[in-house]
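Just so you know, residue 1 is the first one in the sequence shown, and it goes up from there.
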Amino acid sequence: MASFSESDRGRSKVATVLRVTSGNFLEMFDFFLFGFYASYISKAFFPGGNEYASLMLTFATFGAGFLMRPLGAIFLGAYVDRIGRRQGLIVTLTIMAAGTILIAFVPGYETIGLAAPALVLIGRLLQGFSAGVELGGVSVYLAEMATPGHKGFYVSWQSGSQQVAVMAAAIIGYALNHSLTPGQMGDWGWRIPFLIGCAIVPFLFYIRRSLEETQEFLHRKVRPSTSEIFASLAQNWKIVVLGMLLVAMTTISFYTITVYTPTFGKSVLKLSDTDSLLVTFCTALSNLFWLPVMGALSDRVGRKPLLLVFSGLTLLTAYPALAWLVGHVSFGNMLIVLLWLSFLYGSYNGAMVVALTEVVPAKVRTAGFSLAYSLATAFFGGFTPLVSTWLIEQTENRAAPGIWMAFGGACGLVATLAIYRGAAVRARAGTLAADPAR
């Protein structure tokens, strides 16, 4: 009877992970589509005689959504810390769905003129506002429902759901490229994945509404007010800034090897759409493998060793790897390089996300986590396609995105050293009984 009960509880945990990460899947699916189909979107909403300028405007609109993330983190994060994890996740899904529907149905520039890019921008801003707390809300929920000693493994599935979204978007893109002509893709085919995202919204609402509140939140005797949460965030600004730098490594790497990869493969390396999407799919599959593996490993050896090793390896190898690729362009070589970068990203992020849930004070856990994550995506990750495109244009060096990735590795290395040095000092002072993240 005991074994049956344990098995039943295990299935319940799996079902809970699937329910809570479902909205995260939709959010990332929509974000990736914008990057995947940037060249088509640029022609539909930002036409111009200069392909570079049109693509830059598209990536600027993509990045603008990330500028809304800090606002979403502050206001929606405070709401989640005050009202509860479950209700907050339903609210974020509602806002994300509104942005997705808007982008999917906006007519092109030739039909409604300047209103077209304006409406697309509004859709991106809505998505960004929602995303500001979605990742934090999901990560905190998973951390609070995890079984003892397995927090890293459970929290890694927040990022894991993003990889499933990348794979789904890549598969749809692959199928469309084989079914439609380039003209059909440019005219209307690129909208199909967005419409698919709209179609699954009702299902996601249904399964997310079945979530239960976490026991840790229910057992909390004191629920801080919004003003108290804001005050606590201000008092803990140092950990928010260090958390932002910790996430910088993750977000720069992630958007380089996923969202930017199709554009890099097609526009920079001159490979086919099919080859670029296939590499993207394989990269996401690799990410999905390494994230839970390294999350579980961090439960055994600690967060700090993994963060130091893989941020350091990114700093040292990102640019040389891309430099080798642009000197020996082929589908196979692109796959090898992207799988290496995937290994670095997945190994670092498997430890990073759970580490961030541990270093942020519990009473502002969602708001603090979300603010650090959102600032990193706003200042670093969200503009990765834009920065990469600009670097290549300015330096005339097709491997220049590797410089940006190496910078992300440096940020992660510095932040890890500072955070865990501070934790050690507090432990010696007696203000921290133990360093849970080691």
Side-chain angles (χ1 to χ4, degrees), residues 16-31 64-104 122-145 155 157-158 161-162 165 197-218 220 223-230 232-233 353 357 360 362-375 377-378 382:
T16 299
V17 169
L18 291 175
R19 285 197 296 268
V20 74
T21 57
S22 61
N24 201 188
F25 167 87
L26 175 65
E27 174 202 329
M28 291 299 106
F29 180 75
D30 293 331
F31 265 56
F66 291 90
L67 295 179
M68 288 295 289
R69 283 193 172 208
L71 291 177
I74 293 172
F75 292 103
L76 292 178
Y79 175 82
V80 174
D81 281 326
R82 181 169 55 87
I83 300 298
R85 317 308 189 199
R86 174 186 176 276
Q87 185 63 33
L89 290 174
I90 293 174
V91 170
T92 60
L93 181 59
T94 302
I95 299 173
M96 174 59 63
T100 300
I101 293 171
L102 185 58
I103 293 174
I122 292 172
R124 286 291 300 147
L125 295 178
L126 286 173
Q127 289 182 326
F129 188 72
S130 166
V133 79
E134 173 72 17
L135 291 176
V138 170
S139 299
V140 168
Y141 190 101
L142 292 173
E144 292 183 352
M145 57 80 67
V155 175
W157 289 105
Q158 177 265 102
S161 67
Q162 298 177 21
C198 293
I200 64 175
V201 165
F203 171 71
L204 297 182
F205 267 112
Y206 173 76
I207 61 176
R208 182 162 276 193
R209 284 178 63 86
S210 65
L211 283 174
E212 297 180 359
E213 187 55 78
T214 66
Q215 291 301 309
E216 181 173 335
F217 183 84
L218 290 175
R220 193 173 299 166
R223 309 276 175 85
S225 65
T226 300
S227 61
E228 289 174 334
I229 291 173
F230 289 166
S232 182
L233 285 175
V353 177
T357 68
V360 175
K363 66 179 181 180
V364 291
R365 185 172 287 155
T366 302
F369 180 106
S370 299
L371 183 57
Y373 214 109
S374 298
L375 288 172
T377 53

**Prompt:** What heavy-atom pair brings L142 and W157 nearest, and what distance separates the two atoms?
**Reply:** CD1-C, 4.3 Å
**Asked** Out of curiosity, I200 CD1 to F29 CZ, how far, rounded to the nearest 0.5 Å?
**Response** 6.0 Å
**Prompt:** Crowded around F205 CZ? As in, over 12 foreign heavy atoms under 6.0 Å?
**Reply:** yes
**Complete:** Rounded to the nearest 0.5 Å, the CD1 atom of I95 sits from the OG1 atom of T100 at a distance of 12.0 Å
**Request:** Please report the shortest heavy-atom distance between G128 and R69, naming the atom on each side.
**Result:** O-CG, 3.3 Å
**Request:** Taking all non-hydrogen atoms of both residues into account, name the closest pair between V353 and F369 and its distance.
**Result:** O-CE1, 3.5 Å
**Request:** Rounded to the nearest 0.5 Å, what's the gap from OG on S130 to CG on L93? Could you check?
**Result:** 7.5 Å
**Message:** Which heavy atom of M96 sits nearest to which heavy atom of Q127, and what is that distance?
**Reply:** CE-O, 3.3 Å
**Request:** Find the distance between OG1 (T21) and CG (L204) and round it off to the nearest 0.5 Å.
**Result:** 10.0 Å
**Request:** Give the minimum heavy-atom separation between P70 and S374, together with the two atoms involved.
**Result:** N-CB, 3.6 Å
**Fill in**
What one should report as the nearest heavy-atom pair of V360 and G368 is CG1-CA, 3.9 Å
